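Residue numbers start from 1 in every chain, and the chains themselves are labelled A, B, ... in the order their sequence lines are given, proteins ahead of strands. None of the values given here were measured: they were computed from a predicted structure.
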Amino acid sequence: MILGHVFFARKAPVVARMLLGAYLVHRHSGRVRRYKIIETEAYDGFHDRASHASRGKTPRTEVMFGKAGHWYVYLVYGMHEMLNIVCGATGYPSAVLIRGVAGISGPARLTKALNITRALNKKPASKASGLWVERGVRVPDSKILRTARVGVSYAGEKWANMEWRFVLKE
DNA sequence: ACGATGATGAAC
DNA sequence: TTCATCATCGTA
């Protein structure tokens with residue numbers, strides 16, 4: 001079952017938690033592959049200083065303010081593409097960074113392995129775009145590790161310490 | 001511990 | 001137009 005707008009139209013931390021155990025499904029040159037999602041991070045709302053959206057709507061962040069269930073892909077450090085899915089109500093900026101799938105850990109390694117680039121930015125998470133998400137098995141809380149997000153120490157104590165990183169212990 | 005490498009947003 | 005910064009990774 002493909003997860004669509006209704007699934008993603010809730011608060012990013014909730015989506016980040018629920019995505020663990022779900023499958024990132026990718027079609028590339030006719031081949032379909034499923035990857036179990038094992039690590040995510042939430043970026044939520046206007047005030048989250050770790051979120052690109054905290055500086056307001058810009059050409060880059062515009063998609064975060066748009067409809068849930070679309071991809072937000074951007075370049076970081078001049079070389080790494082990051083894959084995010086837009087969450088929440090339309091007009092409320094939030095997204096979940098997909099940091100790892102089974103067999104591939106690290107958000108930059110993930111996009112490199114799956115050939116995901118900014119060409120996918122603003123596209124829907126559906127078969128039409130070639131990259132979508134399917135429901136997985138339910139994962140109990142006992143198998144989930146919750147921590148602060150990676151690389152956001154600049155965001156101030158409150159936001160840097162927010163435990164919005166979710167890892168599935170395998 | 002650090003360099004690669006370029007887009008982004010803010011300041012000027 | 002310039003500048004500091006950055007949701008990282010591989011090599012050391």
| said: Could you work out, with salt bridge (charged side-chain N to carboxylate O under 4.0 Å, His left out) as the rule, every residue matching A:R118, not counting sequence neighbours? | reply: A:E81

| Roughly, in whole Å, what's the span from CD in A:E39 to P in C:dT8? | 10 Å

| request: Using a 4.0 Å cut-off on protein heavy atoms (strictly under), produce a 5'-to-3' string for nucleotides 1-12 of chain B with B for base contact, S for backbone-only sugar-phosphate contact, and - for none. | output: ---BBBSSSS--

| Remaining members of hydrophobic cluster (4.5 Å side-chain criterion), A:W164 | A:W159, A:M162

| note | Excluding A:L145, membership of its hydrophobic cluster (Ile, Leu, Val, Met, Phe, Trp, Tyr; side-chain heavy atoms within less than 4.5 Å) reads A:V167

| request: Rounded off to whole Å, could you give me the CZ-to-C1' distance for the A:R165 and C:dA7 pair? | output: 12 Å

What pairs of nitrogen or oxygen atoms, one from the protein and one from nucleotides 10-12 of chain C, lie under 3.5 Å apart?
none

| When Watson-Crick pairs (N1 to N3 and N6-O4 or O6-N4) and G-U wobble pairs (N1-O2 and O6-N3) count only below 3.5 Å on both distances, what is the dot-bracket string of DNA chain C, with | for other-strand pairs? | ||||||.||||.

| query | Is it true that the NZ or CZ of A:R10 lies under 6.0 Å from the centre of A:F7's six-membered ring and within 45 degrees of the ring axis? | reply | yes

| remark: In whole angstroms, the gap separating P of C:dA7 from CD1 of A:I116 amounts to 19 Å

| query | ring pair (Phe, Tyr, Trp, His ring centres under 6.0 Å) with A:H80: which residues, sequence neighbours excluded? | reply | none

| Atom-pair distance (CD1 on A:I104; C1' on C:dC9), nearest Å | 15 Å

| Between A:S126 and A:S129, does any side-chain donor sit less than 3.5 Å from a side-chain acceptor? | no

Side-chain atoms of residues 17-24 of chain A: list all donor-acceptor pairs with protein atoms under 3.5 Å, sequence neighbours left out, distances to 0.1 Å.
unit_1, atom_1, unit_2, atom_2, d
A:R17, NE, A:D141, OD1, 3.2
A:R17, NH2, A:V139, O, 2.8
A:R17, NH2, A:D141, OD1, 2.8

| message | In this structure, how many angstroms lie between the C1' atom of C:dT5 and the CE atom of A:M82, rounded? | response | 15 Å

| field | Listed once per pair and sorted, the salt bridge (charged side-chain N to carboxylate O under 4.0 Å, His left out) pairs that draw on residues 156-168 of chain A, sequence neighbours left out | value | A:E39-A:R165

| message | By the ring pair (Phe, Tyr, Trp, His ring centres under 6.0 Å) test, which pairs, at least two apart or in different chains, include something from residues 88-125 of chain A? | response | A:F46-A:Y92

| Pairs where residues 98-138 of chain A contributes a residue and the test ring pair (Phe, Tyr, Trp, His ring centres under 6.0 Å) is met, not counting sequence neighbours | none

Identify each donor-acceptor pair in which a side-chain atom of residues 63-75 of chain A lies under 3.5 Å from a protein atom, sequence neighbours left out, and give them as a table.
unit_1, atom_1, unit_2, atom_2, d
A:H70, ND1, A:K122, O, 3.2
A:W71, NE1, A:L131, O, 3.1
A:Y72, OH, A:H52, ND1, 2.8

